Amino acid sequence: MPERSYLDHAATSPLVAAARSAMLTELDRVGNASSLHASGRAARQTVEEARESLASAVGCHPTEVLWTSGGTEADNLFLTGAWQARHADRNRVICSSVEHPAVLETHAALAARGADAVRWAVNEQGLVDLDALDALLEVPTAGVSLMWANNETGVVQAVAAMAEQSRTAGAWSHADGVQALGHLPVDFAASGLDALSLSAHKVGGPIGVGALILRRGVGLAPIGYGGGQERDLRSGTLAPALVSGFAAAATVAVQSRETEAVRLGELRNRIEQIVAGIEGTRVNGAGVERTPAIVNVTFADVRADDLLLLLDAAGIDASTGSACTAGVSQPSEVLLAMGRSEAEASGSLRFSLGHSTTSVDIDRLTAVLPDAVARARTAFA
Ligand code: PLP
């Protein structure tokens with residue numbers, strides 16, 4: 001048995017071999033992709049080949065790929081860039097209430113700058129109501145952001161329908177696809193979206209690189225300034241090693257998606273069976289479509305932090321899935337938005353699976369979870 005079981009892939013996933021080898025090839029080379037000499041041209045070639053690979057993995061045109069430092073920057077770039085470009089005529093920005101902080105905090109920052117920033121509510125399963133969007137779009141709107149798959153619950157939203165409604169109202173549509181890539185069929189062109197955020201390290205690529213896939217003709221305003229790289233929207237020297245690692249990992253993740261969905265789905269079902277055998281538990285988002293990679297469970301009469309540490313001591317890495325500021329855990333905003341009480345939100349844990357997860361990891365969880373919950377309940381009482 002391995003020493004530890006890593007069940008926190010939604011936080012970050014181990015590097016896959018293809019990404020490592022693509023990066024190692026590039027790390028020893030010199031060249032700025034903006035330079036005109038041979039070394040620069042070689043770096044440019046690497047960057048453009050990676051752009052083509054990523055584009056073909058996610059169903060977009062290579063010119064629609066804008067490299068960023070990760071999903072966070074891509075989310076910031078879309079929302080702020082859309083509002084800055086359009087707020088004189090379209091001051092509204094809409095995002096769902098279960099977005100990643102990269103969207104929610106950007107949305108709040110825009111409100112502080114005078115945007116009509118509206119949150120789109122979810123029901124108790126974590127799904128938005130598409131009829132409610134039509135009402136929100138009656139006011140001229142710069143952009144709408146809806147997460148494709150939720151990072152805490154795995155709940156899948158109807159992003160193509162959102163894109164269609166947004167287009168009809170003249171608003172740009174954006175999905176945070178960070179947790180969707182590799183777990184759901186992601187085809188940018190077919191989705192009808194104007195923009196899509198991606199991150200390499202959630203699919204076995206390196207930390208520190210991502211992309212905003214941006215439909216041609218969507219005129220975002222830049223949010224940072226410099227040498228004008230990436231269609232003038234994301235200045236900064238391009239990183240050949242990082243983008244080629246990202247493209248390699250995304251290609252593997254997309255090629256293995258269907259078989260992985262079956263494999264991980266079975267492992268996820270096993271986790272849910274263990275959970276069903278423990279009294280006072282509830283799987284969040286049960287009954288609606290979720291990715292096979294995430295299980296989020298509320299344990300009654302448990303502080304999730306206690307359970308996390310007990311599992312940690314037993315060799316299992318899981319996550320509360322919620323924000324942790326200066327070492328103090330906050331109840332999950334996502335679960336609160338789904339109508340859970342503060343106590344329920346504070347008693348919830350996320351197990352997330354990925355390419356390195358095996359049945360041995362689930363065997364370990366089966367062996368330790370019931371006892372860990374019982375001990376966490378004793379500590380709670
Ligand atoms: N969006 C979602 C849904 C995420 O899960 C994450 C990662 O936690 C991000 C955005 C941020 O991505 P990155 O870590 O690449 O900045």
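These numbers were taken from a predicted model, which means no experiment stands behind them. Note: hydrogens, waters and symmetry copies are ignored here, and every other heavy atom, side chains too, is used. All ligand and atom numbering here is 1-based and tracks the order in the structure.
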Which protein heavy atom lies closest to [atom], and at what distance to 0.1 Å?
{"atom": "atom 15 (O) of ligand 1", "answer": "S199 OG, 2.7 Å"}
{"atom": "atom 5 (O) of ligand 1", "answer": "Q179 NE2, 2.7 Å"}
{"atom": "atom 4 (C) of ligand 1", "answer": "H100 CD2, 3.3 Å"}
{"atom": "atom 1 (N) of ligand 1", "answer": "D176 OD2, 2.6 Å"}
{"atom": "atom 13 (P) of ligand 1", "answer": "G71 N, 3.5 Å"}
{"atom": "atom 14 (O) of ligand 1", "answer": "H201 NE2, 2.9 Å"}
{"atom": "atom 16 (O) of ligand 1", "answer": "T72 OG1, 2.6 Å"}

Can you tell me if K202 has a non-hydrogen atom under 4.0 Å from ligand 1?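 For ligand 1, residue contact (heavy atoms, under 4.0 Å) with K202 is present.
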In this structure, does ligand 1 have an atom that sits under 4.0 Å from one of the heavy atoms of E73?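 So E73 does not count as touching ligand 1.
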Could you tell me the separation between the CE atom of M338 and the CG atom of N150, rounded to the nearest 0.5 Å? 7.5 Å
Are R113 and Q84 close enough, and set up right, to give a side chain to side chain contact (heavy atoms under 4.5 Å, CB included), and what steps lead you there? CA-CA 10 Å; R113 291 173 64 186; Q84 287 184 168; 3.1 Å; yes
Can you list the steps and then say if R4 with D312 is a salt bridge (charged side-chain N to carboxylate O under 4.0 Å, His left out)? CA-CA 9 Å; R4 297 194 65 81; D312 183 28; 2.7 Å; yes
Treat each ILVMFWY residue as a node, draw an edge where side-chain heavy atoms are under 4.5 Å apart, and state whether Y6 and L267 are in one component. no
Quick check: is V118 connected to V334 through a chain of hydrophobic side chains (ILVMFWY, heavy atoms under 4.5 Å apart)? yes
Residues sharing L24's hydrophobic cluster, by side-chain heavy-atom contacts under 4.5 Å among ILVMFWY, directly or via others? L27
Quick one about E26 and S244 (side-chain donor to acceptor, distance below 3.5 Å, no hydrogens or angles considered), yes or no? no
Taking only non-hydrogen atoms of G70 and a 4.0 Å limit, the atoms of ligand 1 in range are 15 (O)
Atoms of ligand 1 under 4.0 Å from any heavy atom of M147, numbered from 1 in the order shown, are 3 (C)
Select one of side chain, backbone, both or neither to describe which atoms of N151 lie under 4.0 Å from any atom of ligand 1, heavy atoms only. side chain
Which class fits the ring pair F246 and W67: parallel under 30°, tilted 30 to 60°, perpendicular over 60°?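 Ring orientation, 0 to 90° scale: perpendicular.
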